[in-house]
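Everything on this sheet refers to the single structure shown next.
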Amino acid sequence: HLPAIVADEIMSAKVKHGQVLDIEESGLPVPGKLKADSTFPQGDAPDIRIIDTHDTLLAVVRPDKSGQTYKYCCVFSS
């Protein structure tokens with residue numbers, strides 16, 4: 001079971017258009033800097049599901065090697 005982030009309208013639009021998800025701007029967890037009380041496992045960020053407010057799966061992403069952006073593993077059309 002992959003952890004999930006609920007996307008707001010701005011992030012949903014970025015995902016639907018395949019735009020870059022900058023870690024600092026997106027609100028996605030920063031690899032290696034996760035809090036102990038986080039719902040995400042500690043250590044490097046795993047693959048993450050991005051869902052909309054209706055619990056529809058939009059994409060699965062993972063951090064790129066630079067740790068600055070997330071790359072898409074797959075994007076789902078709705």
- Main-chain N/O of D8 paired to S12 side chain as donor or acceptor, under 3.5 Å: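 Checked: pair present.
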
- Message: Any side-chain to backbone donor/acceptor pair from R49 onto L2? Under 3.5 Å, distance only.
- Response: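 Side chain of R49 to backbone of L2: a pair is present.
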
- Listed partners of V20 passing side chain to side chain contact (heavy atoms under 4.5 Å, CB included), at least two apart: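 If we apply the side chain to side chain contact (heavy atoms under 4.5 Å, CB included) test to V20, skipping adjacent residues, the hits are T69.
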
- Item | side chain to side chain contact (heavy atoms under 4.5 Å, CB included) involving E9 - partner list, sequence neighbours excluded |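 For E9 there are no side chain to side chain contact (heavy atoms under 4.5 Å, CB included) partners, ignoring immediate neighbours.
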
Any heavy-atom pair between the side chains of [Y] and [X] that's under 4.5 Å?
X   : Y   : value
D47 : R62 : yes
I51 : L58 : no
I50 : L21 : yes
Y72 : V15 : yes
F76 : V60 : yes

- Message: Among residues at least two apart in sequence or on other chains, which ones pass side chain to side chain donor-acceptor pair (under 3.5 Å) with S66?
- Response: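 Side chain to side chain donor-acceptor pair (under 3.5 Å) check on S66 returns D64.
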
